[in-house]
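A quick write-up on the structure given underneath.
The chain is numbered in sequence order, starting from 1.
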Amino acid sequence: MLRLSLLLSLLFALTACTAPAATAPVSAQSTPPAAVTEQTSPAKPATPPVVVDTSCKVDADCTVKNVGNCCGYYPSCVNVNSATDPAGVQASCQAKGMMSVCGFPEIQGCSCVQGKCAAAGSSNPLRQPMTENPAPVR
């Protein structure tokens, strides 16, 4: 037991001698470091995200516009008077570290389906508004 405690004491003493100094020695003539001031730009007011309007009453209320996604260009059927902000969408994605699948549907035209703009003649049921009583899948 005595040997073990002497061996551990010797090990600690040798380890302490070989460890590098944590800080540089302070000389009597050293000057304190100058205060570092960080210049920050004034905070820009955050603009609220654009809300895309897909409401419609007739087919003429709808058109294809670039609404954007994290990958870039993304067309969608929206109200002709709706604002879109593809650059804002991409900036939001970058700020959140998000990505998306690249690619987009080819939309030939839009129609008003149950008060919402939808791609006309779309064969993809996920791109069309759901009906009140959908037909059962067989």
Without placing hydrogens or testing angles, list every side-chain donor-acceptor pair under 3.5 Å for residues 85-112, not counting sequence neighbours.
residue	atom	partner	partner atom	Å
Asp85	OD1	Gly88	N	3.0
Ser100	OG	Cys70	N	3.4
Ser100	OG	Cys71	N	3.1

Original post:
Are Ser55 and Asn79 side-chain neighbours, meaning at least one heavy-atom pair lies under 4.5 Å?
Top reply: yes
Subject >> ring-ring contact (aromatic ring centres under 6.0 Å, His included) pairs, two or more places apart, involving residues 78-101 >> reply: none
Using distance only, find each side-chain donor-acceptor pair of residues 60-67 under 3.5 Å and give its atom names and separation, not counting sequence neighbours.
residue	atom	partner	partner atom	Å
Asp61	OD2	Lys57	N	2.8
Asp61	OD2	Val58	N	3.2
Lys65	NZ	Val80	O	3.0
Lys65	NZ	Ser82	O	2.6
Asn66	OD1	Gly68	N	3.0
Asn66	OD1	Tyr74	N	2.9

